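Following this message is one structure expressed as structure tokens.
What's counted below: heavy atoms across the whole structure, side chains too, no hydrogens, waters or symmetry copies. Reminder, nothing fancy here: chain letters follow the sequence lines and each chain counts from 1. Source: prediction; values computed, not measured.
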Amino acid sequence: MKIFNTLTSEKEELIPIKEGEYRIYVCGPTVYNFIHVGNARPIVVFDTLRRYLTYRGNNVIFVSNVTDIDDKLITIAKNEGIPMQEVAARYEKEYLTDAAGLNALPPTVMPRATEHIDEILSIVKDIIDKGYGYVAKNGDVYFRARKFEGYGKLSHLVLDDLSSGNRELRSDMGEDLKEDSSDFAVWKAAKEGEPYWDSPYGKGRPGWHIECSAMARKHLGKTIDIHCGGQDLVFPHHENEIAQSECANGCEFAHYWMHNGFLNIDNHKMSKSANNFFTVRDIANKFGYEPIRYFMLSGHYRSPLNYTVELIEACVSSLERLYNCRENLDFAIEKASGESSMLGEKAAMAKGKFNIAMDDDLNTADALAAIFDFVRDINTYAPEANLESLQIAADTFDDLTGVLGILYNRKKEEAPQKVLELVEKRTAAKRARDFAKADQIRDKLSALGWAVEDTAQGPKLVKK
RNA sequence: GGUGACGUAGCCAAGUGGUAAGGCAGAGGUCUGCAAAACCUCUAUGCGGCAGUUCAAAUCUGCCCGUCACCUCCA
């Protein structure tokens with residue numbers, strides 16, 4: 001499999017440290033609000049990566065954190081007059097609901113920053129001991145970015161360009177505390193009324209970047225295979241993580257860096273700070289979670305995606321075609337009497353095309369095309385297929401859609417006796433050419449939540 | 001100012017040298033008592049524009065136009 005590595009700006013063959021095992025770290029959300037659709041993108045994309053690697057026979061250790069200490073959380077807690085942990089717990093719960101709704105598998109480990117203060121302080125100490133960190137007069141601890149030779153290697157930015165840029169608002173608070181404007185905080189001294197932990201540098205709390213370095217080291221080791229996140233984390237977050245981890249550990253932090261593109265609104269980046277976002281919850285309440293997941297997979301993960309309601313509706317229709325196909329397969333299996341083994345070959349073809357697409361930097365759009373080609377084959381050949389090939393087709397279909405994490409809302413309900421009786425009555429009415437009665441029964445079935453469709457093999461029941 | 005993306009049909013989108021996948025929407029047809037689903041056919045002589053390289057360019061090169069992102073809150 002090839003993966004575009006932000007570090008080298010090239011598609012590279014993905015080779016794990018230990019054969020058959022992938023250690024993946026994904027930067028998760030800061031839980032200060034409901035997540036928006038943009039936040040859903042890395043959740044879906046990297047869950048799909050994980051599913052694919054697993055499907056190809058690998059063991060995947062998937063760590064995705066929750067940031068539960070942060071300026072915004074502190075502000076909200078202050079405004080609401082409740083402890084920060086309460087705010088974090090509330091939105092973490094909502095985040096988990098959304099992630100589960102999107103059919104993201106639970107991470108192997110989901111570490112919280114506030115539960116890793118010891119590990120964070122330990123890595124801060126390593127950084128200071130090795131001369132990369134220093135304690136400022138107020139108790140902040142800063143990292144000497146310039147001292148780390150590799151600084152900028154991920155974002156391909158040069159420090160001098162950064163500091164000489166025409167960016168306004170260069171100096172935020174703490175500028176006078178730093179030795180150099182490019183230095184960044186790994187530990188922040190607590191201000192009045194803020195949550196804090198005791199440390200050798202006084203009461204304080206972790207800087208934003210340090211938690212990921214600390215939690216990755218604890219749960220995945222000093223060098224990990226793949227580090228993932230949104231494009232906007234490349235700089236400074238991931239650049240700083242590299243600086244911290246590589247200086248503290250004395251070895252490479254991550255071999256591969258994957259970054260998903262943005263989700264835009266009217267061609268502009270969606271973000272909470274720009275206040276132009278749609279929450280996953282709102283969309284899910286209207287359309288369900290699945291179209292959101294499908295939407296994320298409809299284009300390449302590194303391309304920008306423009307969100308509109310129309311596109312979500314189109315995704316609903318696309319999914320319906322997939323569900324119908326799956327229903328058709330089940331119906332065909334039930335009635336199987338044909339002799340054609342064609343679908344077995346078609347299944348192998350679909351699998352081949354699917355794997356080639358996914359192997360090429362997780363090309364989910366092409367992978368979906370492979371599935372839709374297969375859908376046409378299934379719909380065409382299923383009626384005359386033999387049972388064995390139908391079974392193969394069904395297994396393949398489930399495998400492929402399973403890797404993408406879609407088609408997880410199938411209603412596998414057995415029709416109750418009453419429904420079956422009504423269907424029989426309708427068939428009898430039809431035979432007697434009493435169509436008014438037949439339609440009446442169909443309406444009745446519909447009210448019970450069952451649709452009946454007439455096919456060459458007899459009536460087909462579909463749970464609605 | 002520095003850096004990096006992107007521009008393919010009504011909409012979304014794949015395709016990085018060999019003659020334009022797939023989905024949604026639309027039109028016509030087949031099947032059907034009707035409906036639904038499905039299947040078939042049609043919908044970009046052309047991939048932002050102009051040059052160039054090549055037997056061959058959406059794909060490579062140059063210039064231009066347009067859009068976006070990052071440059072210490074951000075998925």
Side-chain angles (χ1 to χ4, degrees), chain A residues 9 26-30 32 35-46 70-72 145 152 155-167 169-172 181-185 208-209 228-237 239-240 259-264 267-274 277 294-295 298-300 302-306 308 310-311 313-322 324-325 327-328 331 353 357 360 363-373 375-376 378-380 382-383 430 433-436 438-439 442 451-456 460 462:
Chain A
S9 302
V26 183
C27 287
T30 301
Y32 68 98
I35 61 166
H36 60 62
V37 236
N39 299 116
R41 198 166 184 189
I43 296 173
V44 170
V45 166
F46 300 121
D70 158 88
D71 287 344
K72 278 173 288 223
S155 52
H156 309 108
L157 295 171
V158 179
L159 265 182
D160 289 322
D161 291 344
L162 291 180
S163 32
S164 65
N166 71 343
R167 173 103 173 159
L169 297 168
R170 280 232 63 81
S171 60
D172 49 354
S181 65
S182 58
D183 294 349
F184 58 90
W208 172 39
H209 317 296
C228 313
Q231 223 160 50
D232 51 351
L233 295 183
V234 173
F235 191 91
H237 185 54
E239 198 67 72
N240 290 355
H259 293 99
N260 63 274
F262 288 124
L263 200 79
N264 297 328
N267 275 321
H268 289 271
K269 178 178 164 180
M270 173 184 311
S271 74
K272 287 172 188 167
S273 44
F277 65 92
Y294 183 96
F295 179 55
S298 66
H300 191 268
R302 283 191 285 119
S303 305
L305 257 182
N306 210 37
T308 63
E310 288 73 24
L311 288 175
E313 284 168 344
C315 291
V316 171
S317 302
S318 298
L319 280 165
E320 213 167 288
R321 178 164 165 83
L322 296 176
N324 283 337
C325 172
E327 294 297 336
N328 291 342
F331 185 72
K353 186 178 170 185
D360 183 17
N363 191 336
T364 52
D366 250 0
L368 276 171
I371 291 176
F372 277 104
D373 284 346
V375 164
R376 172 151 296 133
I378 290 170
N379 287 333
T380 302
K430 271 185 59 175
R433 303 197 68 79
D434 185 352
F435 297 123
D439 288 349
R442 186 162 60 192
V452 60
E453 298 173 2
D454 296 319
T455 78
K460 178 180 150 198
V462 183

Please identify each residue that fulfils side chain to side chain donor-acceptor pair (under 3.5 Å) with Ser298(A), with sequence neighbours left out.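 By the side chain to side chain donor-acceptor pair (under 3.5 Å) rule, Ser298(A) matches no residue at all.
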Mind checking what makes side chain to side chain donor-acceptor pair (under 3.5 Å) contact with Arg376(A), not counting sequence neighbours?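 In terms of side chain to side chain donor-acceptor pair (under 3.5 Å), with neighbours along the sequence ignored, Arg376(A) is linked to no residue.
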Taking atom CG of Leu322(A) and atom CG of Leu368(A), what is their separation to the nearest 0.5 Å?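 Rounded to the nearest 0.5 Å, the CG-CG separation comes to 7.5 Å.
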In whole Å, what separates the C1' atom of rG66(B) from that of rA35(B)?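 Pairwise C1' distance, rG66(B) against rA35(B), rounds to 48 Å.
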NA contact type, Ile43(A), heavy-atom cut-off 4.0 Å: base, sugar-phosphate, or nothing? nothing
Rounded to whole angstrom, note down the C1' distance from rC63(B) over to rC71(B). 27 Å
Rounding to an integer number of Å, can you tell me how far His237(A) NE2 sits from rC71(B) C1'? 17 Å
Per-pair stack call Phe435(A) and rG33(B), 5.5 Å, 30°: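 Ring-base stacking flag set for Phe435(A) and rG33(B).
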Of the candidate nucleotides rG33(B), rG23(B), rA75(B), which contains the atom at the shortest distance from the side chain of Arg433(A)? rG33(B)
Rounded to whole angstrom units, what separation is found between the CG atom of Leu311(A) and the P atom of rC12(B)? 7 Å
With hydrogens left out and only the distance checked, is there a donor-acceptor pair under 3.5 Å joining Arg302(A)'s side chain and the base of rA5(B)? no
His209(A): partners by ring-ring contact (aromatic ring centres under 6.0 Å, His included), with sequence neighbours left out: Phe184(A), His237(A)
Distance check needed: rG4(B) C1' versus Asp232(A) CG, whole Å only. 14 Å
For the P atoms, the ones on rC70(B) and on rG28(B), what distance do you get once it is rounded to whole angstrom?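 Their P atoms lie roughly 46 Å apart.
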So what stems show up for RNA chain B if we need 3 or more Watson-Crick or G-U pairs in a row, all under 3.5 Å? B:1-7 with B:65-71, B:10-12 with B:22-24, B:26-30 with B:38-42, B:48-52 with B:60-64
Is Phe262(A) touching bases, backbone alone, or none of the nucleic acid, heavy atoms closer than 4.0 Å?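 The answer is base, as Phe262(A) lies within the cut-off (heavy atoms under 4.0 Å) of a base atom.
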Atom CZ of Phe372(A) and atom P of rG23(B): how far apart are they, to the nearest Å?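 The answer, rounded to whole Å, is 7 Å.
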Partner residues of Asp434(A) under the salt bridge (charged side-chain N to carboxylate O under 4.0 Å, His left out) criterion, sequence neighbours left out: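 Checked Asp434(A) against salt bridge (charged side-chain N to carboxylate O under 4.0 Å, His left out); zero matches.
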Comparing Val452(A) with Asp70(A), nearest RNA chain B nucleotide closer to 5' gives the residue Val452(A)
Can you name the residues that form a salt bridge (charged side-chain N to carboxylate O under 4.0 Å, His left out) with Asp366(A), not counting sequence neighbours?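 Asp366(A): no salt bridge (charged side-chain N to carboxylate O under 4.0 Å, His left out) contacts found.
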Looking at rA75(B), I'd like to know if its phosphate oxygens (OP1 or OP2) sit under 4.0 Å from a side-chain N or O belonging to Lys269(A).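 No, no such contact exists.
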Pairs of donor and acceptor atoms involving the side chains of residues 35-45 of chain A, under 3.5 Å and at least two apart or interchain, shall be tabulated with distances.
| from | atom 1 | to | atom 2 | distance (Å) |
| --- | --- | --- | --- | --- |
| His36(A) | ND1 | Gly38(A) | N | 2.9 |
| His36(A) | ND1 | Asn39(A) | N | 3.2 |
| His36(A) | ND1 | Asn39(A) | OD1 | 3.3 |
| His36(A) | NE2 | Asn39(A) | OD1 | 3.3 |
| Asn39(A) | OD1 | His36(A) | N | 2.9 |
| Arg41(A) | NH1 | Gly261(A) | O | 3.2 |
| Arg41(A) | NH1 | Phe262(A) | O | 2.9 |
| Arg41(A) | NH1 | Ser303(A) | O | 2.8 |
| Arg41(A) | NH2 | His300(A) | O | 2.9 |
| Arg41(A) | NH2 | Tyr301(A) | O | 3.3 |
| Arg41(A) | NH2 | Ser303(A) | O | 2.7 |

Closest contact, heavy atoms only, Asn264(A) versus Pro304(A):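 Nearest pair, atom of Asn264(A) first, then Pro304(A): ND2-CB, 3.6 Å.
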Determine the interatomic distance between P on rC11(B) and the same-named atom on rC64(B); round to the nearest Å. 28 Å
Give me the distance, rounded to whole Å, that separates rA13(B) from rG33(B) when you measure between the P atoms they each carry.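 The same atom, P, in both gives a distance of 42 Å.
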As an exercise, state the distance from CG of Asn324(A) to CG of Leu319(A), rounded to the nearest 0.5 Å. 11.0 Å
Side chain to side chain, Val462(A) and Phe331(A), heavy atoms closer than 4.5 Å: no
If we take the P atom in both rG17(B) and rA58(B), what is their distance in whole Å?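 Each nucleotide's P atom is 13 Å from the other's.
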Atom pairs, N/O to N/O, protein against nucleotides 26-31 of chain B, distance under 3.5 Å?
none

Mind listing the N/O atom pairs, protein and nucleotides 37-43 of chain B, below 3.5 Å?
| from | atom 1 | to | atom 2 | distance (Å) |
| --- | --- | --- | --- | --- |
| rA37(B) | O3' | Asn324(A) | ND2 | 3.3 |
| rA38(B) | O3' | Asn379(A) | ND2 | 3.2 |
| rC39(B) | OP1 | Arg321(A) | NH2 | 3.4 |
| rC39(B) | OP1 | Asn379(A) | ND2 | 3.3 |
| rC39(B) | OP2 | Arg321(A) | NH1 | 3.2 |
| rC40(B) | OP2 | Arg376(A) | NE | 3.3 |

Atom pairs, protein N/O to nucleotides 13-17 of chain B N/O, distance under 3.5 Å:
| from | atom 1 | to | atom 2 | distance (Å) |
| --- | --- | --- | --- | --- |
| rA14(B) | OP1 | His300(A) | N | 2.8 |
| rA14(B) | O3' | Asn363(A) | ND2 | 2.9 |
| rA14(B) | O2' | Asp366(A) | OD1 | 2.5 |
| rA14(B) | O2' | Asp366(A) | OD2 | 2.9 |
| rG15(B) | OP1 | Asn363(A) | ND2 | 2.9 |

Suppose we screen for side chain to side chain donor-acceptor pair (under 3.5 Å). Which residues come up paired with Arg442(A), at least two apart in sequence or across chains? Asp439(A)
Mind running side chain to side chain contact (heavy atoms under 4.5 Å, CB included) on Thr308(A) and Glu313(A) for me, showing each step along the way? CA-CA 9 Å; Thr308(A) 63; Glu313(A) 284 168 344; over 6 Å; no
Would you say rG22(B) has OP1 or OP2 under 4.0 Å from some side-chain N or O of Ser318(A)?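 No, Ser318(A) has no side-chain N/O under 4.0 Å of OP1/OP2 on rG22(B).
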Set of side chain to side chain donor-acceptor pair (under 3.5 Å) partners for Lys269(A), sequence neighbours left out: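 Here no residue qualifies.
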In Å, rounded to the nearest 0.5 Å, how long is the span from CZ of Phe295(A) to CG of Leu305(A)?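 Spacing of CZ (Phe295(A)) from CG (Leu305(A)) equals 4.5 Å.
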Out of rA75(B), rC12(B), rC70(B), which nucleotide sits closest to the side chain of Thr30(A)?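 The nucleotide sitting nearest to the side chain is rA75(B).
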Taking atom P in both rA20(B) and rG52(B), compute the distance separating them and give it to the nearest angstrom.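 Result for the P pair: 23 Å, nearest Å.
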I need the Asn240(A) CG to Leu233(A) CG distance, nearest 0.5 Å.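 The CG atom of Asn240(A) sits 11.0 Å away from the CG atom of Leu233(A).
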Contact class for His268(A) vs. all strands (heavy atom < 4.0 Å): base, sugar-phosphate, or nothing? sugar-phosphate
Enter the distance from Asn328(A):CG to Asn379(A):CG here, rounded to the nearest 0.5 Å.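 CG of Asn379(A) is found 5.0 Å from CG of Asn328(A).
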Taking atom C1' in both rG49(B) and rU43(B), compute the distance separating them and give it to the nearest angstrom.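 Comparing C1' positions in rG49(B) and rU43(B) gives a spacing of 25 Å.
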Taking NZ from Lys430(A) and P from rU32(B), how many angstroms apart are they, rounded to a whole number?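 Interatomic distance, NZ of Lys430(A) to P of rU32(B): 11 Å.
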Base, sugar-phosphate, or nothing for Val26(A), non-hydrogen atoms under 4.0 angstrom?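 Since no nucleic acid heavy atom lies under 4.0 Å of Val26(A), the category is nothing.
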Under 4.0 Å between any heavy atoms, over every strand shown, what does Ala369(A) touch: base, sugar-phosphate, or nothing? Just pick one. base
